[in-house]
Amino acid sequence: MAVWSERLAGVRGVLLDISGVLLDCGAGGGVPIPGSVEAVARLKQSQLKVRFCTNESQRSRGKLVGLLQQLGFDISEAEVTSPAPAACQILKERGLRPHLLIHDEIHSEFDKIDTSNPNCVVIADAADAFSYKNMNKAFQVLMELENPVLISLGKGRYYKETSGLMLDVGAYVKALEYACGIEAEVVGKPSPEFFKSALEVMGVEAHQAIMIGDDIVGDVGGAQRCGMRALLVRTGKFRPSDEHHPEVKADGYVDNLAEAVDLLLQHLDK
């Protein structure tokens, strides 16, 4: 208990991953991980500030929040930091016109973005749209540019659905990086700017915040590089080997979000 008191001392804000922590996605939208609905409710009834930080790019933020609300979660769209709105802001600020290689469900997020005569490529978890034809088109757009810009909504290796592990956008980003000889700009975890934007909205400093996620690299490693603490849950994409990762060590390992919340509330202000 003394160890946990030290690890959790001074926490004022909690960042929660969604997929693999709150729910497992799949047919019909997904199913809540046991105890997660109640855990979120308990957090929000406490004095801790709570924000949801996700790389979800198969659903718009509105549709994702709608699904979570249907499943019983206390969550609003304003409480979610997700990559598509952040990418749109970057595109507007830099005058970029993207060729979009994204899932059909998030095209609405880019409705106000000029996509004529593209001068960059935006890639996300496009699922079945990751065909050779579509990947090759993105490659051709990049190769025709004097200064190619590739923006990726996340760089995860895989994620978990109810049917099993699913290949994520990272593998396709790597393919374009290799083919074009460039490095993608990542909008989403583990980008430091993504975490910092969530902390700014919460109004807490990095050392006062803790991330709870199921991705040892994207969630835990990314948060720690920003000066945050991070817990890894043994749900979602977690694999036992994650507890022995050669480069990233979580500040704690818990069976699920419910256990993480128990610990946080138990050691609040201690």
Side-chain angles (χ1 to χ4, degrees), residues 3-22 33 36 39-40 43-44 46 48-57 75 79-83 85-87 152-160 168-170 185-239 241-265 267-268:
V3 173
W4 280 112
S5 293
E6 183 178 335
R7 291 175 182 173
L8 303 177
V11 170
R12 297 289 178 268
V14 182
L15 287 176
L16 298 177
D17 184 23
I18 292 178
S19 177
V21 175
L22 304 190
I33 292 170
S36 59
V40 169
L43 268 183
K44 298 189 76 172
S46 75
L48 292 167
K49 295 184 178 181
V50 181
R51 189 158 186 85
F52 304 87
C53 192
T54 179
N55 273 5
E56 171 64 52
S57 62
I75 185 173
E79 295 174 309
V80 178
T81 297
S82 60
S152 178
L153 307 192
K155 206 172 184 180
R157 295 174 298 159
Y158 55 86
Y159 57 93
K160 184 177 181 293
D168 205 348
V169 64
E185 301 177 28
V186 180
V187 179
K189 299 173 291 185
S191 164
E193 290 74 21
F194 194 65
F195 284 109
K196 289 174 184 175
S197 68
L199 291 171
E200 287 175 7
V201 174
M202 293 176 73
V204 299
E205 299 294 327
H207 70 273
Q208 299 174 313
I210 193 164
M211 176 76 199
I212 302 175
D214 68 328
D215 186 325
I216 187 66
V217 175
D219 294 330
V220 174
Q224 289 176 335
R225 284 195 296 276
C226 287
M228 297 168 58
R229 284 162 280 182
L231 301 181
L232 186 71
V233 294
R234 299 186 181 99
T235 55
K237 70 168 68 172
F238 169 82
R239 299 172 74 80
S241 59
D242 292 340
E243 295 192 35
H244 309 284
H245 193 278
E247 298 174 2
V248 182
K249 180 177 176 59
D251 293 280
Y253 303 88
V254 292
D255 287 339
N256 48 44
L257 178 60
E259 183 182 353
V261 171
D262 284 344
L263 289 165
L264 282 167
L265 298 184
H267 297 285
L268 195 60

To the nearest 0.5 Å, what is the distance between [atom1] ([X]) and [atom2] ([Y])?
X    : Y    : atom1 : atom2 : answer
Q208 : I210 : CD    : CD1   : 13.0 Å
R7   : L264 : CZ    : CG    : 12.5 Å
T54  : L15  : OG1   : CG    : 11.5 Å
D17  : L231 : CG    : CG    : 12.5 Å
C226 : E193 : SG    : CD    : 8.0 Å
I216 : Y253 : CD1   : OH    : 4.5 Å

With the side chain counted from C-beta on, respond yes when [X] and [Y] share a heavy-atom pair under 4.5 Å apart, and no when they do not.
X   : Y    : value
I33 : L257 : no
V11 : H267 : no
L8  : L263 : yes

D214: what forms a salt bridge (charged side-chain N to carboxylate O under 4.0 Å, His left out) with it, not counting sequence neighbours? none
Minimum heavy-atom separation for L16 and M211, please, with both atom names. C-CE, 4.1 Å
Around atom CD of E243, are there more than 12 heavy atoms of other residues, nucleotides or ligands at under 6.0 Å? yes
Check the surroundings of atom NZ in K249: do more than 12 heavy atoms from other residues, nucleotides or ligands lie under 6.0 Å from it? no
Does the pair M228 and L199 meet the rule for a side chain to side chain contact (heavy atoms under 4.5 Å, CB included), with working shown? CA-CA 10 Å; M228 297 168 58; L199 291 171; 4.0 Å; yes
With a 4.0 Å cut-off, would you call R234 and D255 a salt bridge? yes
